[in-house]
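A quick write-up on the structure given underneath.
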Amino acid sequence: MHEAGNEAPRSGKRRGGGRLSRAVKIFAVIACLMVVLVMVMYRVTPAPLPEQIPEVTQIPQIQRTPIQSTPAQNPQPTPIPPTPQPTPTYKYNYAEALQKSLYFYEVQRSGRLPANNRVAWRGDSALEDGADNGVDLTGGWYDAGDAVKFGFPMAASATMLAWGMIEYRDAYVQSGQWTYTLDNLRWATDYFVKAHTAPNELWAQVGDGDIDHDWWGPAEVMSMPRPSSRIDQNCPGSDLAAETAAALATASIVFKPVDANYADKLLEHAGQLYTFADTFQGQYSDCIKGGQTYYKSHSGYWDELVWGALWLYRATEEPAYLAKAESYYKQLDAPNMYTFTQSWDDKRYGCYALLAMLTGNASYAEDTERWLDYWSVGYEGRRIAYTPGGLAWANRWGVLRYAANTAFIAFVYSDAMRDPAKKARYHDFAVSQINYILGDNPRQSSYVVGFGNNPPSDPAHRNAHGSWMGKLDVPPRNRHVPYGALIGGPDQNDQFVNDRADYVTNEVATDYNAAFTGALARMVSEFGGQPLQDFPPPEPRDAEFFVEASTSRAGFNAIQIHAFLNNRSGWPPRVAKDLSFRYFIDLSEVLSSGHTLDDVQITLDSADGARMSPLQPWTEDAGMYFVEVDFRGIPISPGGEGSYRKEVWLTISLPDGTRNTLQNTSRQWSLQELTESTQTTPYLPVYENGKRLYGQEPGAPP
């Protein structure tokens, strides 16, 4: 493998057989010496890989023509008064940041989780996806803090994630993250293969955004409808099909040295999808309701047709794909499209850079550098807005992902350049943006969940919040840490409020992290770092299954218990259908006075379907009995106000003439700590299918 820009241009002429004059020979010798000198000047020796590298081979790279700008092709921008930017610092553990950024994709998994799942608070979910149309659409990634699977941004995220793996594979290996990255990428590509059910058919979305966003709870206990939608030749979507083709083609490059058969499979699907996109042209949001509301491709589909062709060219080296990309390139209007950046929607900017690197064509380089200059030093008197702290600020919604997307491509492009001034310009811009995200900002705070100083602790993420009541403010703090998630980011004055209700600045998403992950790998390759050894750390757990209760008198010789059986499970959340709890009663004095169990009256009132067992002896303590309040067959789940707990009233009456011992807290095990105010009690233990989940039994260790 060679790095772009490390080799001198090679002659395409065939060697002749005639005699050369002395002058020609001398000229040839001098020319050869000059070529050798250029090769030495620009040769970069990769750092040696550690001995513990997994048994994988290098990803093959397509030879790229070195980019060498000329003043005539790339005029210097008009000077713009500089915006203060922080001095780049390299104090962050970039390998840890990379490690955590990749973990976030495990947080987003849908479907049946593998045995090596590292996210203890995630479980199997959405196992019926696609059943409404008779297809298996399980798997893939949830989009953001919700649980819809939007195919368009998912594919864009996979493409960018794979691009980073192609460019900076060594950094993933050296930081011990290569296997995790492969697993995460495959989780998405396996889903795309499932969703591509015919050459001209691709399932675009699972779940309804409006319905999904009206409910705030964990994915594992969802009960709302999850309709699936597709594109086909009668309802095409060139943007979606071509982006999915790009994702599969890019992934095929990654997997080729690891699993050649799988890579071939991905490439076959990619080729079919691109042909579908190109033959039946149209915008997917014209067919898919969710695409109209949530992820409409405002840039159209020409950028994806160019983008998909470029990645298929890189994967196959077939000139027809490059010719296709170049023929459609004029539709991108590159001279006028340079003031935004790469996103789930708009692929123009990645197309500029890829074509410049693949062809060495000066016009593509000019398009790329016009855009990167606008983001860094400015172009013809115009420059993107900067915050006082040095963040390139493109849009209030997810501003940090735009900075990270630009930084990643700036890294890739600068690595391929020969012009030392521009190479440094784009490199330093990228470093400054990634460091800003990691903490080099006026707040001196990280914008990556679970990383660095003062990171955001309450991102707008349903599963991480872990609400059992379906409410945004219950509990007040997130129960779980989605390590590595890049949040939306600060305002134009570098201000930020850690508030999950503000999803514009606090939501996280797979597309936020995709190019950011690649940029972190590039930082690792230059500045190093060490991943955490014991990651992820275990989370402190609060009670998941328990009883809340209160007590009141129900007559001279009677007591009433008002109880709620709770399922607030979170490690992982789950629906439970075999729950019960026990109320223990000391009847030794009643029985010693000559009465029998039949003289003890116990009634149960419940609108939630509970049943009650007869009094049963507790063998661990003579005179102690219990009744079991049984909800077996009744689902209880942390899925909202009417789901997470079930209510009962238990009334106990002793026979006339006996001393009232029911309210003697020193004698009655389950009465301990109960008052007229509802509170959690461990003395009404909870069971699932007869096995104790929570609480303490009389005479038994807690």
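None of these values were measured; they are calculated from a predicted model.
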note = Residue pairs passing the salt bridge (charged side-chain N to carboxylate O under 4.0 Å, His left out) test with at least one member in residues 351-363, sequence neighbours excluded, are none
query = Is there any salt bridge (charged side-chain N to carboxylate O under 4.0 Å, His left out) pair reaching into residues 344-353, and which pairs are they, with sequence neighbours excluded?
reply = E243-K347, E304-K347, D346-R348
With no hydrogens and no angle check, do the side chains of [X] and [Y] hold a donor and an acceptor under 3.5 Å apart?
X    : Y    : answer
Y92  : N453 : no
D239 : Y295 : no
T517 : S101 : yes
D415 : Y168 : yes
Y413 : E369 : yes

task = Pick out which of Y338, Y349, Y379 makes a ring pair (Phe, Tyr, Trp, His ring centres under 6.0 Å) with W371.
result = Y349
inquiry  = Which residue is it: F451, F104, F535? I am looking for the one with a ring pair (Phe, Tyr, Trp, His ring centres under 6.0 Å) to Y483.
reply    = F535
message = Ring centres under 6.0 Å, that's the criterion: do F411 and F408 meet it?
response = no
By ring-ring contact (aromatic ring centres under 6.0 Å, His included), which residues pair with [X], not counting sequence neighbours?
X    : answer
F516 : none
H269 : H196
Y172 : none
Y105 : W141

message = Taking salt bridge (Lys or Arg N to Asp or Glu O under 4.0 Å) as the definition, give me every residue that meets it alongside D278, ordered by chain and number, with sequence neighbours left out.
response = K324
key: Which residues share a salt bridge (Lys or Arg N to Asp or Glu O under 4.0 Å) with D190, sequence neighbours left out   = R186
note = OH (Y274) and CH2 (W307) are apart, to the nearest 0.5 Å, by 13.0 Å
Among residues at least two apart in sequence or on other chains, which ones pass side chain to side chain contact (heavy atoms under 4.5 Å, CB included) with [X]?
X    : result
Q331 : W302
Y294 : F150, D210, H213
T505 : F496, D502

request  = Assess whether atom OH of Y180 is packed by more than 12 heavy atoms of other residues, nucleotides or ligands within 6.0 Å.
outcome  = no
key: Pairs where residues 388-404 contributes a residue and the test side chain to side chain donor-acceptor pair (under 3.5 Å) is met, not counting sequence neighbours   = R401-D511
inquiry  = Counting C-beta onward and ignoring hydrogens, is there a side-chain heavy-atom pair between V431 and F527 closer than 4.5 Å?
reply    = yes
ask   = Does any non-hydrogen side-chain atom of M165 lie less than 4.5 Å from one of W178?
value = yes
key: Presence of salt bridge, D440 and K91, under 4.0 angstrom   = no
